[in-house]
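Below: one structure, written as structure tokens.
Because the structure is predicted, anything quoted here is derived from the model rather than measured.
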Amino acid sequence: MAFLDHIKKRRSIYAIGKNVSLDQAEIEHIIKEAVKHSPSSFNSQSSRVVILFGQSHDTFWHIVRETLRDLVSADAFEATNSKIDGFAAGYGTALFYEDQNVIKGMQEKFALYADNFPIWSEHASGIAQFATWTALAEHNIGASLQHYNPIIDEEVAQTFSIPSNWKLRAQLVFGSIEAPPGEKTFMDDAERFKTFA
């Protein structure tokens with residue numbers, strides 16, 4: 001399958017389950033390879049990933065649920081709880097972090113670009129997330145990218161012994177595709193692109 005076909009196959013899949021054909025070691029390998037070969041500014045390799053399966057995956061979504069229970073009004077929590085049920089039904093979750101020590105080190109080493117390294121770190125994280133998401137889609141594993149940081153950061157860090165210099169940026173929850181995504185619409189190309197020759 002061509003690269004563009006893989007990109008098109010990567011969609012936000014919310015109806016996920018535990019019926020994946022790959023085992024945990026294979027999925028872990030895919031995630032590691034996708035992140036390892038994702039580009040970063042000055043080859044800083046600032047991205048870090050925590051991969052959660054089984055009870056750890058369940059524990060993570062329990063933390064998210066209980067954190068939101070304290071923040072969301074009781075009448076609105078039912079919808080939130082249902083959404084979390086959908087994520088918890090998945091096979092695993094990849095937590096994407098950026099190592100702030102790496103960023104600080106790059107700022108010190110290349111002072112002229114110091115203001116840019118936090119921005120470039122976000123770029124690196126986004127690329128790693130996209131690469132991982134697309135690589136999983138290639139193997140018919142559905143996923144959606146979530147952002148419950150920073151409200152969950154402290155408890156997640158304590159629970160999974162995350163270094164204090166790692167900053168949580170996103171959560172990619174994945175599993176078997178239990179229902180296809182809806183139709184994706186696109187704005188007019190003329191509004192997004194300009195070409196000059």
Side-chain angles (χ1 to χ4, degrees), residues 1-16 20 27 30-51 64 68 76 79-80 82-84 86-87 90-100 102-103 106-107 110 112-153 166-197:
M1 188 182 284
F3 179 62
L4 287 177
D5 291 328
H6 289 306
I7 291 176
K8 291 173 185 177
K9 187 175 181 181
R10 182 226 50 83
R11 296 288 308 280
S12 292
I13 307 292
Y14 296 105
I16 56 174
V20 297
I27 294 172
I30 290 167
I31 294 171
K32 286 180 176 180
E33 288 296 294
V35 173
K36 188 184 296 184
H37 294 283
S38 292
S40 57
S41 66
F42 291 73
N43 195 31
S44 60
Q45 301 177 51
S46 54
S47 296
R48 306 287 181 264
V49 182
V50 175
I51 306 168
V64 175
L68 290 171
T80 297
S82 178
K83 181 185 272 191
I84 301 303
F87 300 144
Y91 188 74
T93 305
L95 308 181
F96 286 85
Y97 288 84
E98 283 294 300
D99 188 334
Q100 302 306 294
V102 170
I103 297 165
M106 297 302 285
Q107 288 176 311
F110 302 100
L112 184 63
Y113 303 108
D115 291 345
N116 288 322
F117 280 107
I119 299 167
W120 292 338
S121 164
E122 296 296 324
H123 295 172
S125 184
I127 293 169
Q129 294 162 32
F130 175 76
T132 301
W133 197 349
T134 304
L136 291 174
E138 180 187 0
H139 293 275
N140 295 312
I141 296 175
S144 69
L145 195 65
Q146 304 303 314
H147 300 89
Y148 288 102
N149 44 292
I151 61 172
I152 60 169
D153 292 15
W166 290 18
K167 184 176 182 182
L168 184 59
R169 306 316 298 138
Q171 306 87 52
L172 186 69
V173 59
F174 56 85
S176 55
I177 301 172
E178 300 299 319
E183 180 184 357
K184 186 171 184 177
T185 59
F186 298 92
M187 64 189 297
D188 191 279
D189 282 358
E191 297 179 45
R192 300 187 74 181
F193 306 102
K194 291 183 183 295
T195 302
F196 300 92

Legend entry - Polar contact flag, side-chain donor to acceptor under 3.5 angstrom, Glu178-Ser176: yes

Inset, instruction - Any chance you could measure Trp166, atom CH2, to Ser47, atom OG, to the nearest 0.5 Å? - result: 10.5 Å

Inset, instruction - Examine distances only and state if a side-chain atom of Ser44 and a backbone atom of Ser40 form a donor-acceptor pair shorter than 3.5 Å. - result: no

Legend entry - Close side-chain approach of Ser125 and Gln129, heavy atoms under 4.5 Å: yes

Legend entry - Pairing of Glu138 and Lys9 as salt bridge, 4.0 angstrom limit: no

Inset, instruction - Using only heavy-atom distances, determine whether the side chains of Asn149 and Gln171 contain a donor-acceptor pair under 3.5 Å. - result: yes

Inset, instruction - Can you measure from CD (Gln146) to CD1 (Ile84) and round to the nearest 0.5 angstrom? - result: 7.5 Å

Inset, instruction - Taking Ser121 for its side chain and Phe117 for its backbone only, find out whether a donor-acceptor pair lies under 3.5 Å. - result: no

Legend entry - Reported OH-to-CD1 distance for the pair Tyr91 and Ile141, which is rounded to 0.5 angstrom: 8.5 Å

Legend entry - Trace of the side-chain contact (heavy atoms from CB on, under 4.5 Å) decision for Asn116 with Phe110: CA-CA 10 Å; Asn116 288 322; Phe110 302 100; over 6 Å; no

Inset, instruction - With side-chain contact (heavy atoms from CB on, under 4.5 Å) as the test, would you mind laying out the steps for Ile152 and Leu168 before giving the verdict? - result: CA-CA 9 Å; Ile152 60 169; Leu168 184 59; 4.0 Å; yes

Inset, instruction - Carefully, step by step, assess Arg48 and Val102 under the rule side-chain contact (heavy atoms from CB on, under 4.5 Å). - result: CA-CA 11 Å; Arg48 306 287 181 264; Val102 170; 3.4 Å; yes

Legend entry - Nearest atoms (heavy-atom pairs only) where Ile16 meets Gly86: CG1-O, 3.8 Å

Inset, instruction - Kindly compute the distance separating CD1 (Ile177) from CG (Leu136), expressed to the nearest 0.5 Å. - result: 10.0 Å

Legend entry - Aromatic plane relationship, Tyr148 with Phe87 - under 30° parallel, 30 to 60° tilted, over 60° perpendicular: perpendicular

Legend entry - Between Glu98 and Ser46: side-chain donor-acceptor atoms closer than 3.5 Å: yes

Legend entry - Main-chain N/O of Gly182 paired to Arg11 side chain as donor or acceptor, under 3.5 Å: yes

Inset, instruction - Kindly compute the distance separating CD1 (Ile127) from CH2 (Trp120), expressed to the nearest 0.5 Å. - result: 12.5 Å

Inset, instruction - Might you work through the side-chain contact (heavy atoms from CB on, under 4.5 Å) test for Val173 and Ser144, ending with a clear yes or no? - result: CA-CA 6 Å; Val173 59; Ser144 69; 3.5 Å; yes

Inset, instruction - Would you confirm whether Trp133, through its side chain, and Arg10, through its main-chain N or O, come within 3.5 Å as a donor-acceptor pair? - result: no

Inset, instruction - Enter the distance from Asp99:CG to Met106:CE here, rounded to the nearest 0.5 Å. - result: 12.0 Å

Legend entry - Neighbour count above 12 (heavy atom, 6.0 Å) for Asp188 CG: yes

